[in-house]
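Since the structure comes first, as structure tokens, the remarks are kept for the end.
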There are 2 protein chains.
Amino acid sequence: MSTELVNVKMFGQTGAVPTPTRPYHHGNLRSALIAAAVAEIESAGAARLSLREIARRAGVSHAAPAHHFGGKTGVFTAIAAEGFGLLAERTGRRAGQPDALLATALAYIEFGVEHRGYFEVMWRPDLHDASDPGLAAARDRAFEIFYATVGTGTDSADPDALRDAAVAAWSAVHGFVVLWLSGNLPAELGRDPAAAALSAARGMIAVGRATERQLSPEELPSSE
Amino acid sequence: MSTELVNVKMFGQTGAVPTPTRPYHHGNLRSALIAAAVAEIESAGAARLSLREIARRAGVSHAAPAHHFGGKTGVFTAIAAEGFGLLAERTGRRAGQPDALLATALAYIEFGVEHRGYFEVMWRPDLHDASDPGLAAARDRAFEIFYATVGTGTDSADPDALRDAAVAAWSAVHGFVVLWLSGNLPAELGRDPAAAALSAARGMIAVGRATERQLSPEELPSSE
DNA sequence: TGTACATCAGTGAACGCGCGTTCACTGATGTAC
DNA sequence: TGTACATCAGTGAACGCGCGTTCACTGATGTAC
């Protein structure tokens, strides 16, 4: 009898075979728990997440997640940090391209829609520990990429103008993701988030012009 | 002994005074429960809301909320409907003004920030019953006002262009509120949401221009 | 190569808690006469 | 004006459930010799 066979998980089995044991040490419990938690958040929402449900999904004892992460906050913190890493990777790829701002905006939206489990946790300091060094580093890295892209995309030299543009662009893409995920956007936009986001980008041009028309002269940005 | 005195709530009392009874029928339990629920959501988040906590805040028996609203979904549905009513009232006030789009955007943001308890529930069909007739009517009314304002503000005659502009404007204000409420926006924006939103509006002009520059000619909106 | 031992990842039984729901009830209110 | 009665808003005791946490434990792994 090979060790392979012995170590395989065979929970459903009830035959004459002596109860096969899965290895006592999981080997990669951390990843398994995070994956289980993300899957659970995607199917039931972050509010419903319980340590016991994570354990059930990962096939370990109910005390294992708390043992490994210290508690629910620890799980959320790990998810958020990993999420910012994934986001930075996606958006960073576009840096330098001539249409980097638009491409980054679409990358942000695609990330949020494809990874709602991560996305939902990343912006919720009430769930995770925002001061965790690993999380803070990952978040800062993602922000740097975003700011740099907005800076070159909008030709904003003035730091205040850059910040305002970054907040505006971020609000727009973030709001789009949130409304999309919660099913609030009109159904006519279709089911492809990238196509819908492109439509919204077209709309953004009209909104920018209307804003310019409606802001009083002294409220308008001075430069450019 | 006046009825006033008899009816007053005196829970802490243990003296010789005969136990004063508060009226068996509350009189306005519905409003009291909604107010209690909104207050609880604002202090602890919608995820933590329990029927028992609502009852505690309202000073009624723990079974009263379920008795009145049928269950937690009923409470959330009532909150959402009332929230859309409040939003429509606020944004509707600005219709017709020359700067209606900007004013409506600011009104949306102020509403979201001031009434986070309502705001959080309104966009969560997983919490409330979106098909409830009262809720649907209130929501449609609020949407009509928003669409009309965006239509006149952006001069969008084409229905598709109007929809795109509405989605873009909505994403922007909605994203701003969500990021503001979750504490994710940079601290330099200050503590006054209206001032911060005005800054973001300035940034929106630059973002609109950058979007126009980066969209390829065939992706650009044809009219205007 | 073999043995002894420290480490610590993961277990599983037990606990107390707050929750939603049920249900027989209480008592205020409104209406019919 | 007074009486009888139906209605139903709100009560409170009781229930079972899933949760997080604790803690003595088990057993795989790595290291010292």
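What's counted below: heavy atoms across the whole structure, side chains too, no hydrogens, waters or symmetry copies. Just so it is clear: chains get the letters A, B, ... in the order the sequence lines come, proteins before strands, and each one is counted from 1.
- By the side chain to side chain donor-acceptor pair (under 3.5 Å) test, B:Arg57 pairs with B:Glu40, B:Ser43, sequence neighbours left out.
- Under the side chain to side chain donor-acceptor pair (under 3.5 Å) criterion, B:Arg48 pairs with no residue at all, not counting sequence neighbours.
- Taking B:Ala148 as the reference, nothing meets the side chain to side chain contact (heavy atoms under 4.5 Å, CB included) condition, with sequence neighbours excluded.
- In this structure, CG of B:Leu33 is placed 8 Å from P of D:dG10, rounded to the nearest angstrom.
- Evaluation of the side chain to side chain contact (heavy atoms under 4.5 Å, CB included) rule for A:Asp129 yields A:Thr73, A:Thr77, A:Ser131, A:Asp132 as partners, not counting sequence neighbours.
- Note on A:Arg56: only backbone sugar-phosphate atoms sit closer than 4.0 angstrom, heavy atoms only; bases stay farther off.
- Remark: A:Ser171 pairs with A:Val167, B:Phe176, B:Leu179 by the side chain to side chain contact (heavy atoms under 4.5 Å, CB included) rule, at least two apart or across chains.
- Nucleic acid contact class of A:Arg48 (heavy atoms, under 4.0 Å, all strands): none.
- Annotation: ring pair (Phe, Tyr, Trp, His ring centres under 6.0 Å) contacts involving residues 116-143 of chain B, sequence neighbours excluded, comprise B:Phe84-B:Trp123, B:Tyr108-B:Phe119, B:His115-B:Tyr118, B:Phe119-B:Trp123, B:Phe119-B:His174, B:Trp123-B:Trp170, B:Trp123-B:His174, B:Phe143-B:Trp170.
- Shown here are the side chain to side chain donor-acceptor pair (under 3.5 Å) partners of B:Arg93, two or more places apart in sequence or in another chain: there are none.
- In this structure, A:Asp192 has no side chain to side chain donor-acceptor pair (under 3.5 Å) partners at least two apart in sequence or on a different chain.
- In this structure, B:Lys72 contributes its side chain and B:Ala66 its backbone to no donor-acceptor pair below 3.5 Å.
- In this structure, the nucleotide among D:dC19, C:dC19, D:dG10 sitting nearest to the side chain of B:Ser50 is C:dC19.
- Shown here are the ring-ring contact (aromatic ring centres under 6.0 Å, His included) partners of B:Phe69, two or more places apart in sequence or in another chain: there are none.
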Show me the protein contacts with nucleotides 13-16 of chain D, counting only N or O atoms at under 3.5 Å.
{"residue": "D:dA13", "atom": "N6", "partner": "B:His62", "partner atom": "NE2", "Å": "3.0"}

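- Protein atom CD of B:Glu40 is 9 Å distant from nucleotide atom P of C:dC19, rounded to whole Å.
- Across the protein-nucleic acid pair, B:Leu51 atom CG and D:dG10 atom P stand 15 Å apart, rounded to whole Å.
- Atom CZ of B:Arg56 has more than 12 heavy atoms from other residues, nucleotides or ligands within 6.0 Å.
- Looking at residues 67-77 of chain B, you'll see B:His67, B:His68 sit with a heavy atom under 4.0 Å from some atom of DNA chain D.
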Query raised in the report: Given the rule that a pair is Watson-Crick or G-U wobble with both distances under 3.5 Å, how would you write DNA chain D in dot-bracket, using | for pairs to a different strand?
Result: .||||||||||||||||||||||||||||||||
